[in-house]
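What follows is a short report on a single structure.
By convention in this document, chain letters (A, B, ...) are assigned in the order of the sequence lines, proteins followed by strands, and residues within each chain are numbered from 1. As a basis for the values below, the full set of heavy atoms in this structure was taken, side chains included, without hydrogen atoms, waters or symmetry mates. In this text, all values refer to a predicted model and were calculated from it rather than measured experimentally.
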2 protein chains.
Amino acid sequence: MSRSNPKVLSTLERAGGFASAQEVYRLMQREGQSIGLTTVYRSLQSLVNDKIVDVLRRDDGEAIYRLCGDAHHHHLVCKGCGDTVEIEGGAIEKWAKTMAEEFGFREVGHTAEIFGLCQRC
Amino acid sequence: MSRSNPKVLSTLERAGGFASAQEVYRLMQREGQSIGLTTVYRSLQSLVNDKIVDVLRRDDGEAIYRLCGDAHHHHLVCKGCGDTVEIEGGAIEKWAKTMAEEFGFREVGHTAEIFGLCQRC
DNA sequence: TCACAAATGAAAATGATTTTCATTTCCATA
DNA sequence: TATGGAAATGAAAATCATTTTCATTTGTGA
Ligand SMILES: [Zn+2]
Ligand SMILES: [Zn+2]
Ligand SMILES: [Zn+2]
Ligand SMILES: [Zn+2]
């Protein structure tokens, strides 16, 4: 195993605590940092092992890395213009927890997103 | 778009209603059915569009297709073995509706999924 | 300084999925 | 029945994220 390159973590933070390996890599490139894509992948994997970040999957299958302990929230996204509202998910948090307990699941996470057409669209 | 090849659906059923495109393809090959991988992918996609199957992601990113009833529901998925439980989402339905109203969104849909480790894993 | 382990990254390999495109199968209508 | 166009098919190539290889560089303690 290898240790995580600290610049990868700080870039993930700067990206809003939520990005794919490719996105972290491109962001670092744009900022003029010299790093290899391989190192980005290895560092993110190492952060996952250390439980410093979570890994989820986008709908298209790309892995996205999420800083743990980040202020957890959900999104309301407009299908028309892409406008996004960050929303509180209290009801969902409870629901996820209840369901997981009921079926004996551990180390539980969840995804939830609402999409529709905003007033302007 | 194209219509689903009926043999793909019946193979998915025979596979226990839960398999990846590659697995459906290999199964059909083994059974001596002549079909192209492309057609398997297209048929599964079409079944997803028609809401006859759900699509989820394995931990490794591979898409798995799952036959499901037409009633709206959500999933509790094991990150370890892929085992899936269909669950009721009453709390979520209400939450999505409330949030959408609050922000004036129309034609609203949502996604929600819980993942963790099941008892055996 | 030296030796050795860890870190790095370019390039190649992998593997699922999508795209291309030429061919075949259907089907409605004359 | 013949025929023209639309839909379906699949082999091969392209795509794209991710992993593996491997040679090189860097760091560190003796
Ligand atoms: Zn909008
Ligand atoms: Zn939540
Ligand atoms: Zn399990
Ligand atoms: Zn729902």
Side-chain angles (χ1 to χ4, degrees), chain A residues 1-12 15-67 111, chain B residues 1-12 15-67 77 79-82 84 111 113 115:
Chain A
M1 294 290 135
S2 67
R3 204 169 294 138
S4 167
N5 181 317
K7 289 178 178 172
V8 169
L9 178 54
S10 77
T11 303
L12 181 59
F18 201 85
S20 72
Q22 302 281 346
E23 286 164 355
V24 168
Y25 175 67
R26 284 194 289 267
L27 184 51
M28 294 180 80
Q29 295 257 298
R30 234 178 288 132
E31 292 176 345
Q33 299 191 49
S34 168
I35 194 169
L37 181 56
T38 315
T39 300
V40 173
Y41 272 103
R42 274 195 288 241
S43 293
L44 289 171
Q45 259 158 9
S46 163
L47 291 168
V48 169
N49 286 341
D50 297 347
K51 315 232 189 233
I52 295 169
V53 311
D54 266 349
V55 57
L56 303 176
R57 292 270 167 193
R58 286 221 186 99
D59 265 5
D60 67 358
E62 189 172 353
I64 44 184
Y65 299 86
R66 176 176 72 176
L67 216 56
T111 59
Chain B
M1 293 298 126
S2 66
R3 204 171 292 137
S4 168
N5 181 317
K7 287 178 180 174
V8 169
L9 177 55
S10 77
T11 304
L12 181 60
F18 198 87
S20 72
Q22 301 282 345
E23 286 164 354
V24 168
Y25 175 66
R26 284 194 289 267
L27 184 51
M28 293 180 80
Q29 295 258 297
R30 233 178 289 133
E31 291 176 346
Q33 299 193 48
S34 168
I35 194 168
L37 182 56
T38 314
T39 300
V40 173
Y41 271 104
R42 275 195 287 239
S43 293
L44 289 171
Q45 260 158 10
S46 163
L47 291 168
V48 170
N49 286 341
D50 296 347
K51 316 234 190 234
I52 295 168
V53 311
D54 269 348
V55 58
L56 302 175
R57 294 270 167 193
R58 288 222 182 99
D59 246 15
D60 67 359
E62 188 171 356
I64 42 185
Y65 299 86
R66 182 173 202 285
L67 214 57
V77 186
K79 285 186 284 192
C81 62
T84 303
T111 60
E113 188 171 289
F115 45 85

* To do: Starting at OG1 of A:Thr11, measure out to CD of A:Glu31 and round the result to the nearest 0.5 Å.
  => 5.5 Å
* Among the nucleotides D:dT18, C:dA7, C:dA10, which one has an atom lying closest to any side-chain atom of A:Thr38? -> C:dA10
Rounded to the nearest angstrom, tell me the gap between atom [atom1] in [X] and atom [atom2] in [N].
X       : N      : atom1 : atom2 : result
B:Gln22 : C:dT17 : CD    : P     : 6 Å
B:Asp60 : D:dT18 : CG    : C1'   : 11 Å
B:Arg42 : D:dT9  : CZ    : P     : 8 Å
B:Lys7  : C:dT25 : NZ    : P     : 13 Å
B:Ile35 : D:dA11 : CD1   : C1'   : 14 Å
A:Leu37 : C:dA12 : CG    : C1'   : 14 Å
B:Gln29 : D:dG10 : CD    : P     : 10 Å
B:Glu62 : D:dT19 : CD    : P     : 14 Å

* For B:Tyr65 and B:Val48, what are the C-alpha separation, side-chain angles and deciding distance, and is it a side chain to side chain contact (heavy atoms under 4.5 Å, CB included)? -> CA-CA 8 Å; B:Tyr65 299 86; B:Val48 170; 3.9 Å; yes
So, is [X] near the phosphate of [N], with a side-chain N or O under 4.0 Å from OP1 or OP2?
X       : N      : answer
A:Gln45 : D:dT18 : no
A:Tyr41 : D:dT18 : yes
A:Asn5  : C:dA7  : no
B:Thr39 : D:dG10 : yes

* How far apart are the C-alpha atoms of B:Val8 and B:Ile35, what are their side-chain angles, what is the distance that settles it, and do they pass the side chain to side chain contact (heavy atoms under 4.5 Å, CB included) test? -> CA-CA 9 Å; B:Val8 169; B:Ile35 194 168; 3.8 Å; yes
* Look at all strands and tell whether A:Ser34 reaches a base, only sugar-phosphate, or nothing, counting heavy atoms closer than 4.0 Å. => sugar-phosphate
* Hey, does B:Ser4 reach any base, or is it just sugar-phosphate, or nothing, if we go heavy atoms under 4.0 Å? -> nothing
* Asked: Does B:Ile52 offer a backbone N or O that forms a donor-acceptor pair with the side chain of B:Asp50 under 3.5 Å?
  -> no
* Note: B:Arg66-B:Asp54 ion pair, threshold 4.0 Å (strictly below) -> no
